[in-house]
**Q** 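First the structure, then my questions, so here it is.
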Amino acid sequence: MSAPTLAHSLKEWLSYLENLHHKSIDMGLTRVKAVAERLNLHDWSGFKIVVAGTNGKGSTCAMLEAIYLAAGYQVGLYTSPHLIDFNERIRLNGVNASDEAIVAKFYAIEQARGEISLSYFEYTTLAAFLLFKEAGLDVSILEVGLGGRLDVVNIVDADCSIVTSVDIDHVEYLGDNREIIGLEKAHVYRAGKPAICSDPQPPESLLNYAKEIGADLWLFGRDFNYDGDKQQWAFASRIGRKNALAYPALRGANQLLNASAALAAIDALRPHLAVPLQSVRQGLLQVTWAGRFQILPGQPTTILDVAHNPHAAAVLAHNLQSMSYFPYTYAVLGMLSDKDAAEVIQKFKGIIDHWYLCDLSGPRGRKAQELAVLVEKLLPKDDENLPTVQIFENPVVAFEAVRAKANDNDRIVVFGSFLTVSAVLEHIR
């Protein structure tokens, strides 16, 4: 396929990028650094916050964005993947970048890269950086896609870096234990710069790397912490204490931990980016992040959650157990083949009564039949012959089958993959 032009649509450009590089994931920074140099991305102004971690990255980024916007700053937010529209990945002052703006940057990258091949993620990340540079932002919040050391976002010299959590995921790229994975993520830290870690049990490898490079390490439980009751919560750090905070608009047990990571970064950057307490309160109340324990309006109660690894599944299971009583819980589950489906499914023993399992398409998609075998093996039936298992060809068909069956006082949870949640969310919208 020949390269698109400025006259081509964003959809056509994305189709081109999907087939441009020989590998969908190609870890390494040599190629992308060379193209970034050609694009003069080395002199990009404004403060930059890089956020890595197994889970909680997106929520932490969303809270940072909401708080800095409430404080009146010009803010860029780059996250991945998107749920429905690609434009969700690149936000300028709380608004998704337009098709035209993104296409213009794609065209500039195409002209600059010459003989250098870039992956889809490398290409689209550079486009976000170009848009942020052009906008002259006060602060850019950048979510790492995979790992840290070799992720494209790590070409940025961050003013503050966050690692939210370290758990096992993407084993084929990052390793199979927390020490190896922790070291990969710790590479987003920079010498002499604030390095936040909100994992309550950080791997030794992360601690050692931060010490080795001379990063200013802020640890949860040592340099910042939180406490709260049913009405409000408080945050404390090296800088001081913030009392009488409303709970974040994002729901779920881990959101105070994510909020604490965001507030630690804000405190660490306070000499450069002052944020009034009222802006913290306002940002936490206004923050939104689709697909993270997102409860849809109406009945039956419907929850969307992109949980796709054991750590995230454990958090989702805890959140479900913390809710009020429901006669039956129905699950729409679709997962990718490279995820630990057995460990994910086991987290929901005694929580989910009816499993509506669906195929996911694409080279990494897993068949519902594989999930059915795991459910029936790992979650034996009880005296009421629960749980039950059904198989469907895609998430939307499964979801519609659940809606036809569930009563208004029941509960539906859709999870297992960004692909599962995005398909259902787009169908609903």
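When a residue number appears, it is its place in the shown sequence, counting from 1.
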**Q** State the OH-OH distance between Tyr73 and Tyr68, to the nearest 0.5 angstrom.
**A**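 Answer rounded to 0.5 Å: 7.5 Å.
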
**Q** Find out whether Arg89 and Phe121 are in side-chain contact, i.e. whether some heavy atom of one side chain is under 4.5 Å from a heavy atom of the other.
**A**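 When only atoms from C-beta onward are counted, Phe121 and Arg89 do touch, with a gap below 4.5 Å.
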
**Q** Any side-chain to backbone donor/acceptor pair from Asp167 onto His311? Under 3.5 Å, distance only.
**A**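 Side chain of Asp167 to backbone of His311: no pair is present.
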
**Q** Any side-chain to backbone donor/acceptor pair from Asp223 onto Leu219? Under 3.5 Å, distance only.
**A**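 Side chain of Asp223 to backbone of Leu219: a pair is present.
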
**Q** Where do Val163 and Lys185 come nearest, in terms of heavy atoms and distance?
**A**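 Of all heavy-atom pairs spanning Val163 and Lys185, the closest is CG2-O, 3.8 Å.
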
**Q** Is any side-chain heavy atom of Leu360 closer than 4.5 Å to a side-chain heavy atom of Pro395?
**A**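 Touching, per the 4.5 Å side-chain cut-off.
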
**Q** Report the C-alpha distance between Lys133 and Asn40 in whole Å, list the side-chain angles of each, state the deciding distance to 0.1 Å, and finish with yes or no for side-chain contact (heavy atoms from CB on, under 4.5 Å).
**A** CA-CA 10 Å; Lys133 177 184 176 180; Asn40 293 317; 3.7 Å; yes

**Q** Quick check: Phe415 with Phe348 (ring centres under 6.0 Å apart)?
**A**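 Here the rings of Phe415 and Phe348 have centres that are less than 6.0 Å from each other.
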
**Q** Measuring centre to centre across the rings, with the benzene-like ring taken for any Trp, is Tyr120 within less than 6.0 Å of His21?
**A**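 Judged by ring-centre distance (under 6.0 Å), Tyr120 and His21 do not meet the cut-off.
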
**Q** Please determine whether the number of non-hydrogen atoms from other residues, nucleotides or ligands lying under 6.0 Å from atom NE2 of His427 exceeds 12.
**A**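 Yes, the 6.0 Å shell around NE2 holds more than 12 heavy atoms from other groups.
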
**Q** Which atom pair, heavy atoms only, marks the closest approach of Ala261 to Phe224?
**A**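 Smallest heavy-atom distance, with atoms named: N-CE1, 4.2 Å.
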
**Q** Using a distance-only test with no angle check, is there a side-chain donor-acceptor pair under 3.5 angstrom linking Ser140 and Tyr78?
**A**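 Side-chain D/A pair, Ser140 to Tyr78: absent.
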
**Q** Checking the side chain of Asn309 only, and the main-chain atoms of Ala312 only, is there a donor and an acceptor separated by less than 3.5 Å?
**A**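 Confirmed, Asn309 side chain pairs with Ala312 backbone.
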
**Q** Sub-3.5 Å donor-acceptor pair from the side chain of Asp138 to the main-chain atoms of Gln74, do we have one?
**A**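 Yes: the side chain of Asp138 pairs with the backbone of Gln74.
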
**Q** Side chains of Asn409 and Gln299: any donor to acceptor distance under 3.5 Å?
**A**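 Distance-only check fails for Gln299 and Asn409.
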
**Q** Measure the spacing between OG of Ser260 and CD of Gln255 and express it to the nearest 0.5 Å.
**A**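 That separation rounds to 11.0 Å.
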
**Q** Inspect the contact between Arg403 and Glu400 and indicate whether a charged nitrogen and a carboxylate oxygen are less than 4.0 angstrom apart.
**A**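 Salt bridge flag = yes for Arg403 with Glu400.
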
**Q** Working to the nearest 0.5 angstrom, can you tell me the gap between Arg292 CZ and Asn254 CG?
**A**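 Separation between the atoms: 13.5 Å.
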
**Q** Could you tell me whether the side chain of Pro81 reaches within less than 4.5 Å of the side chain of Leu419, counting heavy atoms only?
**A**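 With C-beta onward as the side chain, the pair stays apart.
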
**Q** Quick check: closest heavy atoms across Glu122 and Ser117, and the distance to 0.1 Å?
**A**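 For Glu122 versus Ser117, the nearest heavy atoms are OE1-O, 4.4 Å.
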
**Q** Might you point out which heavy atoms bring Ala215 and Ala195 nearest each other, and give the distance in Å?
**A**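 Answer, listing the atom of Ala215 first, then Ala195: CB-CB, 3.9 Å.
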
**Q** Can we say Asp267 and Arg238 salt-bridge, meaning some charged N sits less than 4.0 Å from an Asp/Glu carboxylate O?
**A**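 Salt bridge flag = no for Arg238 with Asp267.
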
**Q** May I ask you to decide if Thr60's main-chain N or O and Asn258's side chain share a donor-acceptor pair within less than 3.5 Å?
**A**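 No.
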
**Q** I would like to know whether Ile213 and Arg190 meet side-chain contact (heavy atoms from CB on, under 4.5 Å); could you show each step before the answer?
**A** CA-CA 7 Å; Ile213 67 168; Arg190 296 292 185 265; 5.5 Å; no

**Q** Keeping the roles fixed (side chain from Asp410, backbone from Asn407), state whether a donor-acceptor pair exists under 3.5 Å.
**A**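 Here the side-chain-to-backbone pair exists.
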
**Q** Show your reasoning for whether side-chain contact (heavy atoms from CB on, under 4.5 Å) applies to Leu336 and His308.
**A** CA-CA 8 Å; Leu336 296 175; His308 56 270; over 6 Å; no

**Q** Are any side-chain N or O atoms of Thr302 and backbone N or O atoms of Pro300, one a donor and one an acceptor, separated by less than 3.5 Å?
**A**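 Pair found, side chain donor or acceptor close to backbone of Pro300.
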
**Q** Indicate the atoms forming the closest heavy-atom contact of Ala112 with Leu39, along with that distance.
**A**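 Heavy atoms only, the tightest pair is CB-CD2, 3.6 Å.
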
**Q** Are more than 12 heavy atoms, taken from residues, nucleotides or ligands other than Tyr328, located less than 6.0 Å from that residue's OH atom?
**A**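 It does not: Tyr328 OH has 12 such atoms or fewer within range.
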
**Q** Evaluate the side-chain proximity of Val402 to Val414: yes if any heavy-atom separation is below 4.5 Å, no if none is.
**A**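 SC-SC contact between Val414 and Val402 ruled out.
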
**Q** Please determine whether the number of non-hydrogen atoms from other residues, nucleotides or ligands lying under 6.0 Å from atom NZ of Lys242 exceeds 12.
**A**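 Yes, the 6.0 Å shell around NZ holds more than 12 heavy atoms from other groups.
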
**Q** Decide yes or no for Tyr356 and Phe399: does some side-chain heavy atom of the first lie under 4.5 Å from some side-chain heavy atom of the second?
**A**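 Tyr356 does not reach Phe399 side chain to side chain.
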
**Q** Under 3.5 Å, is there a donor-acceptor pair between the side chain of Arg38 and the main chain of Arg113?
**A**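 Yes: the side chain of Arg38 pairs with the backbone of Arg113.
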
**Q** Is there a donor-acceptor contact under 3.5 Å linking the side chains of Arg411 and Thr301?
**A**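 Side-chain D/A pair, Arg411 to Thr301: absent.
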
**Q** Mind jotting down which residue pairs meet the ring-ring contact (aromatic ring centres under 6.0 Å, His included) criterion with at least one end in residues 261-299? Sequence neighbours excluded, please.
**A**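 As it turns out, the ring-ring contact (aromatic ring centres under 6.0 Å, His included) pairs with a partner in residues 261-299, which skip direct neighbours, are Phe47-His272.
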
**Q** Show, in sequence, the C-alpha distance, side-chain angles and deciding distance for Tyr16 and His8, and conclude whether the side-chain contact (heavy atoms from CB on, under 4.5 Å) test is met.
**A** CA-CA 11 Å; Tyr16 169 70; His8 286 83; over 6 Å; no

**Q** State, with a plain yes or no, whether a side-chain heavy atom of Leu333 is found less than 4.5 Å away from one of Ile345.
**A**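 With C-beta onward as the side chain, the pair touches.
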
**Q** I'd like to know if the side chain of Arg149 reaches the main chain of Leu183, judged simply by a donor and an acceptor atom lying under 3.5 Å from each other, with no hydrogens or angles considered.
**A**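 It does not hold such a pair.
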
**Q** Could you tell me whether Gln278 atom CD has more than 12 heavy atoms of other residues or ligands within 6.0 Å of it?
**A**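 Yes, the 6.0 Å shell around CD holds more than 12 heavy atoms from other groups.
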
**Q** Please round to the nearest 0.5 Å and tell me the distance separating atom CG of Leu64 and atom CG of Leu77.
**A**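 Between Leu64 CG and Leu77 CG, I get 9.0 Å after rounding to 0.5 Å.
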
**Q** Any heavy-atom pair between the side chains of Lys193 and Ser161 that's under 4.5 Å?
**A**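 Heavy-atom side-chain distance check fails, nothing below 4.5 Å.
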
**Q** Please examine the side chains of Leu41 and Ile155, heavy atoms only from C-beta on, and report whether any two atoms are closer than 4.5 Å.
**A**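 Not touching, per the 4.5 Å side-chain cut-off.
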
**Q** Answer yes when Asp227 and Arg241 have at least one side-chain N-carboxylate O distance shorter than 4.0 Å, and no when they do not.
**A**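 The answer is yes: the pair qualifies as a salt bridge.
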
**Q** What is the distance from atom CG of Leu296 to atom CD1 of Ile428, rounded to the nearest 0.5 Å?
**A**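 CD1 of Ile428 is found 5.0 Å from CG of Leu296.
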
**Q** Going by an N to O cut-off under 4.0 Å, is there a salt bridge joining Glu370 and Lys339?
**A**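 Looking at Lys339 together with Glu370, the answer is no, because their closest N to O distance does not fall below 4.0 Å.
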
**Q** State the CD1-CD1 distance between Ile412 and Ile352, to the nearest 0.5 angstrom.
**A**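 Interatomic distance, Ile412 CD1 to Ile352 CD1, rounded to 0.5 Å: 12.0 Å.
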
**Q** Looking only at non-hydrogen atoms, find the nearest pair between Val51 and Ile141 and report the distance.
**A**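 Smallest heavy-atom distance, with atoms named: CG2-CG2, 4.5 Å.
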
**Q** Would the distance check show the side chain of Arg91 and the main-chain N or O of Thr79 forming a donor-acceptor pair, the cut-off being under 3.5 Å?
**A**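 Flag not set: sc Arg91 to bb Thr79 has no pair under 3.5 Å.
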
